[in-house]
Amino acid sequence: MISQNYDITKSSVWDALQRLAEVAPGIRVSDLLDQDQDRVDKYSLEIAGLSLDYSKNLVTDEIMQLLLELVAESPLETQREKLFTGEEINMTEQRPVLHTALRASPTQLQEDGLTEASAQIAGQKHRIKAVSDQIRSGAWLGSTGKRVTDIVNLGIGGSDLGPKLACEALKEFSHERIKCHFVSNVDGELIRSTLKNLEPETTLVILSSKTFTTQETLLNAQTAAGWFEQRLGLASAYASPHFIGVTASPENAVKLGIRDENILEFWDWVGGRYSLWSTIGLSIAICIGYDNFERILAGAQQMDVHFRESTARENMPVILALLGVWYSNFLHAESHAVIPYCERMLNLPAYLQQLDMESNGKSVTLDSSLVNCSTGPIIWGQTGTNGQHSFFQLLHQGTHLIPIDFIGLLSDDLSTTEHHRVLTVNMFAQSAALMSGKQDSTLPVYRNYLGNKPSNVLLMEKLIPETFGALIALYEHKVFVQGCLWNVNSFDQWGVELGKALANDLLQGNSELDCSTRNLMNKLNASL
Ligand SMILES: O=P(O)(O)OC[C@H]1O[C@](O)(CO)[C@@H](O)[C@@H]1O
């Protein structure tokens with residue numbers, strides 16, 4: 001594979017970019033904007049109800065041109081075709097990576113030679129529709145003959161974050177009767193307090209786990225099953241209509257006791273953090289309706305087509321990825337902030353943390369050598385304006401370079417004009433103030449702002465299923481492009497295994513412990 005020998009630092013433009021990075025602190029973005037009337041036009045892109053203004057970045061035309069050459073020399077084009085056509089690009093797990101197939105049209109899937117996947121996807125979409133329709137219409141009955149009022153999604157990581165984000169972001173479309181709850185952490189207080197407010201007769205648990213082996217999810221499921229059994233006198237809650245399993249390991253769901261007809265499947269070629277488009281989206285379809293779930297897929301598909309077919313210069317995911325590489329590899333930024341100015345997108349930073357950091361938090365390349373430049377940044381964030389009143393001080397006057405994605409809505413049917421204007425104007429003001437700063441020699445130095453802090457402004461026309469889908473797909477592809485540039489496998493996550501194994505060893509009383517951990521275990525054991 002071409003990508004196995006690729007090394008971004010050996011690119012013909014690497015040294016030139018490094019030289020430009022040395023003088024970059026001397027660039028004033030506000031001067032660039034003043035001097036070039038076309039900059040905003042040149043540095044803006046629109047697709048699928050999203051518009052990106054990246055004109056406030058610390059880049060000149062020359063830097064952008066070199067970054068485009070950097071990506072042209074990379075294996076991106078080859079890898080992107082492999083992604084869409086189902087070649088085995090997740091080499092360490094010997095799998096293709098086909099989340100894009102979940103939102104592609106059957107004709108496209110045929111063209112890409114994905115006939116088998118196309119049939120599998122159609123079958124499971126049919127299940128999502130049938131099951132969600134039944135639950136929403138009230139035809140799905142609990143063991144005592146009552147219809148469902150509450151869904152509890154038990155899952156963690158990719159089996160939680162996507163559905164939780166989507167249900168909250170798209171609450172405008174929520175079913176009136178049915179409430180969706182999400183329990184991910186194994187902290188017993190969470191499942192206890194969630195169930196405490198629910199009625200078992202009208203509650204349905206969706207046990208979401210790709211592997212069906214995840215400790216936290218299985219323990220939460222056991223607690224929920226006990227609750228149903230005790231309250232409803234059931235012999236096995238798992239085998240009752242109160243449990244649905246969503247998994248790529250149906251055999252494990254059957255072993256637990258879930259009925260065959262209550263299992264929805266997906267496949268090992270859907271990564272956990274890329275799975276909201278699959279049956280893992282069942283709780284989304286229940287919450288907002290299957291047609292709206294399809295609209296999310298349609299928005300993502302539009303972004304897929306854009307990503308696959310546009311030139312690099314016009315390609316929104318590629319541009320975001322290149323800007324990220326510029327900051328990480330050349331200006332040595334260590335983190336990247338995502339600030340949605342929309343309270344319903346509160347969970348977006350957490351979602352993107354898994355998407356980006358589990359994908360590109362890697363230090364070994366595809367040919368098993370150690371990387372020789374930094375890879376995925378630390379992703380963090382919070383909604384605006386809340387963040388303005390906590391950590392924005394550091395963004396404005398701190399010592400770290402932190403590129404920011406501001407994400408806002410052009411209009412919001414759930415807000416009022418007044419609130420929406422105040423919210424969104426605040427976002428524009430922050431982006432402008434971070435860039436321009438303020439130098440005033442009549443003021444004490446602590447009241448001066450250096451400015452020149454870079455940010456993107458990404459506007460969604462409205463927060464509707466299509467733009468939501470497009471936004472998530474945009475970030476998926478950004479992460480993919482960066483993975484190609486850094487030559488890492490963005491689709492495995494071996495780093496999380498050691499901690500899981502150690503926790504299991506500790507639970508089983510393994511005595512091979514370092515003295516600090518042994519001491520901590522002794523304290524815990526003495527207090528339980
Ligand atoms: O869906 P599962 O198999 O329960 O896994 C949950 C999460 O755990 C991880 O494997 C990390 O531990 C994630 O990649 C995944 O999304």
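Read the numbers this way: they start at 1 and go in the same order the structure lists the ligands and their atoms. Residue numbers count from 1 along this sequence.
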Sidechain N-carboxylate O distance under 4.0 Å for R308, D112: yes
Ring-ring centroid check F491 Y274, cutoff 6.0 Å: yes
N or O contacts of ligand 1 with protein under 3.5 Å, please list pair by pair.
residue  : atom   : partner : partner atom : Å
ligand 1 : 1 (O)  : S159    : OG           : 2.6
ligand 1 : 1 (O)  : K210    : N            : 2.7
ligand 1 : 3 (O)  : S209    : OG           : 3.4
ligand 1 : 3 (O)  : K210    : N            : 3.3
ligand 1 : 3 (O)  : T211    : N            : 2.9
ligand 1 : 3 (O)  : T211    : OG1          : 2.6
ligand 1 : 3 (O)  : T214    : OG1          : 3.4
ligand 1 : 4 (O)  : S209    : OG           : 2.6
ligand 1 : 4 (O)  : T214    : OG1          : 2.5
ligand 1 : 12 (O) : K500    : NZ           : 2.9
ligand 1 : 14 (O) : E358    : OE1          : 2.9
ligand 1 : 14 (O) : E358    : OE2          : 3.4
ligand 1 : 16 (O) : G158    : N            : 2.8
ligand 1 : 16 (O) : Q354    : NE2          : 3.2

NZ/NE/NH1/NH2 to OD/OE distance under 4.0 Å, D268 and R95: yes
Test: R344 and E168 ion pair at under 4.0 Å: no
Parallel, tilted or perpendicular: rings of F243 and Y238 (30°, 60°): perpendicular
Side chain to side chain donor-acceptor pair (under 3.5 Å) pairs, two or more places apart, involving residues 131-140: K129-D133
